[in-house]
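Every chain is numbered from 1, with letters handed out A, B, ... down the list of sequences.
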Amino acid sequence: MIDLKAARRDPGGFRAALARRGAAADFDALLAADASWREHTERAEALRAEQKRASKGRPGPRELEHLKALAARIDKALADQAEAARRRDELLARIPNLPDPTAADGMDEQDAQLVRTWGEPPAFGFTPRDHLELGSPRGWIDVARAARLSGSRFAYRIGDVAMTELALYQFVLRTLAGKGFLPVLPPVLVGERAMFGTGFLPTEESNLYLLEKDELYLTGTSEVALAGLHMDERLEESDLPARYAGYTTNFRREAGAAGKDTRGMFRVHQFDKVEMYVFCLPEQSRDIHEELLAHEEEIARELGLPYRVMNIAVGDLGASAAKKYDIEAWFPAQGRYREITSCSNTTDYQARRLNIRFRREGRLEFVHTLNGTGATARALLAIMENFQDEGGRVAVPEVLTRFGAPAAIGRA
RNA sequence: GGUGGAGUCGCCUAGUGGCCGAGGGCGCACGCCUCGAAAGCGUGUGAGGGGGCAACCCCUCCGUGGGUUCAAAUCCCACCUCCACCGCCA
């Protein structure tokens, strides 16, 4: 949620910032709806004040008549006001966050800016196999049986692959715990409020699994439940920044991704992830965004994955992000870099919608929040593809064997 | 899922239709007193929104949402949460 009061004070500045991500027209509509709401509010409140003044004591028959008429006018004025508020709030809910000035210009994926590259794509003296081929000989990545069970875009991970994937999450969780992140296993079913608060509703509704009977959504990332951890709370300034690392299974409908990444488990409806989430002071969020990126890069390096860092174009950001970095690892079988992690500075956008504040010098201010990926199964896929040999055997990074991964995946 | 009890301004609590559109205590802040402190005394003490250059004025909020009424913390309905017990499942 953008700061509506600030927007009234500086409509030109807000409009220009939002125009970068194509939301100028929506913003104009919001301002008009807001002006109408304020008119209705002033009228309704004036009538209310009159009623309160007039009905202090027990009214006589004549006053009663006047008060009844007044009550009818108030009913009408309140209904008008509520309708105006509904129109305004609907528009407000769809206005995305103001982009950070240093976020890359452009409207789509192609416009992302290369920040840096690390490592060298491995040179193979053979045609590298993709993760599905590598996992298939022993049935350790089984999408066929998963499809029979659940439909497309699901996978069984079995045996060494299962153990390596779990070791990955353990490794990342331990690494982050060592950097001050408090490990959390949060709920994955949440109410509408949390989905709205994190900005996935209303704009991402088509990508969410909804359990209608219970009015609960399955989360597509632990970001939702981690953000919701402090919903409606007032944090102490001294508690900030508060860093959390969640581990959950995540669920995405992948609406609009038909035909994209259909092979294997690169893009599936259900996947696991370790997620970083930070609540901080407004002036800290820029630095902490860089910090999250640094953690993600450190993890990629420890795993030995060649990668590059991209500054995502403003038009390609989710509603709540002001700026986002993606880390893309090299996938030899695809012959290109693909996203394995991502981190966003959501400034006060989610904090406003979730009503998360802190007290400073007697005033309540909204916190800033950030999120970033620790690791998902995509890192596992990158490991398999980058560290394979001609025989289809995968050398597992040593950091993972310390957490229960086998030394190698595949033909022993 | 069932039955009973509870949900008031940070905490405790008063409150059964207009004098509560929220009183008291604790805590907290400031002041007086004191060499200093405690005690005592006094004053203040929430959130959201609108208007005004400003001092300030106004509206909303007694778990949530509806309803009755000229008027609701108070009456009615539904829901949520917590506590206790029962049933079912593990």
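- Across the strands present, B:C75 finds its partner in B:G67; the criterion is a Watson-Crick or G-U wobble pair with both atom distances under 3.5 angstrom.
- The aromatic rings of A:His269 and A:Tyr209 lie perpendicular to each other, with more than 60° between the two planes, well past the 30° mark.
- If you measure from atom CG of A:Leu364 to atom C1' of B:U45, you get 14 Å, rounded to the nearest angstrom.
- Nucleotides B:A6 and B:C59 place their P atoms 33 Å apart, quoted to the nearest Å.
- Taking only distance into account, the side chain of A:Glu45 meets the base of B:G49 through a donor-acceptor pair shorter than 3.5 Å.
- Taking atom C1' in both B:C32 and B:G46, one finds a spacing of 27 Å when rounded to whole Å.
- Comparing B:G63 with B:G52, their P atoms are spaced 34 Å from each other, to the whole Å.
- Remark: A:Arg336 fails to qualify as a cation-pi partner of A:Phe331 under the 6.0 Å distance and 45° angle criteria applied to the six-membered ring.
- Contacts of A:Arg193 with the nucleic acid, taken as non-hydrogen atoms under 4.0 Å apart, are absent.
- Between the P atom of B:G48 and the CG atom of A:Asp3 lies a distance of 12 Å, rounded to the nearest Å.
- The aromatic rings of A:Phe403 and A:Phe171 lie tilted to each other, with the angle between the two planes from 30° to 60°.
- B:U69 and B:G10 are spaced 35 Å apart, taking the C1' atom of each and rounding to whole Å.
- The base-pairing partner of B:G17, taking Watson-Crick or G-U wobble contacts with both distances under 3.5 Å, does not exist among the strands shown.
- In this structure, A:Arg357 and A:Arg38 both approach RNA chain B, and ranking their closest nucleotides by distance from the 5' end singles out A:Arg357.
- To the nearest angstrom, P of B:A47 lies 12 Å from NZ of A:Lys5.
- Computed from coordinates, the A:Leu78 CG to B:C70 P distance equals 16 Å when rounded to whole Å.
- Look at B:C88: it lacks any Watson-Crick or wobble partner with both distances under 3.5 angstrom.
- The pair A:Glu339-A:Lys324 does not meet the salt-bridge criterion, since no charged nitrogen lies less than 4.0 angstrom from a carboxylate oxygen.
- Distances shown here put every side-chain N or O of A:Arg234 at or beyond 4.0 Å from the OP1 or OP2 atom of B:G46.
- For the side chain to side chain contact (heavy atoms under 4.5 Å, CB included) test with A:Tyr217, the passing option among A:Leu189, A:Leu211, A:Leu201, A:Val224 is A:Leu201; the others fail.
- Using Watson-Crick or G-U wobble geometry with both donor-acceptor distances under 3.5 Å, B:A6 finds its partner in B:U81.
- Under the 3.5 Å distance criterion, with hydrogens and angles disregarded, no donor-acceptor pair is assigned to the side chains of A:Gln350 and A:Thr198.
- Taking the nucleotide of RNA chain B with the nearest heavy atom to each of A:Arg88 and A:Lys68, the more 5' of the two is matched to A:Arg88.
- Searching all strands for a Watson-Crick or G-U wobble partner of B:C53 with both distances below 3.5 Å returns nothing.
- A:Arg86 has a carboxylate O that lies under 4.0 Å from a charged side-chain N of A:Glu83, or vice versa, which qualifies the two as a salt bridge.
- The distance from atom CD of A:Gln81 to atom C1' of B:G48 is 13 Å, rounded to the nearest whole Å.
- B:G40 and B:C56: their C1' atoms are spaced 35 Å apart (whole Å).
- With both ends at atom P, the span from B:G67 to B:U74 equals 14 Å, rounded to whole Å.
- No contact: A:Leu70 has no heavy atom under 4.0 Å from any strand.
- For B:U34, there is no paired base (Watson-Crick or G-U wobble, both distances below 3.5 Å).
- Separation of the P atoms belonging to B:C11 and B:C70 is 37 Å when rounded to the nearest angstrom.
- Atom pair A:Asp75:CG and B:U69:P shows a separation of 10 Å (rounding to whole Å applied).
- Shown here, B:A47 forms a base pair with B:U60; the pair counts as Watson-Crick or G-U wobble because both key distances fall under 3.5 Å.
- Rounded to whole Å, the separation between the P atoms of B:G66 and B:G7 comes to 22 Å.
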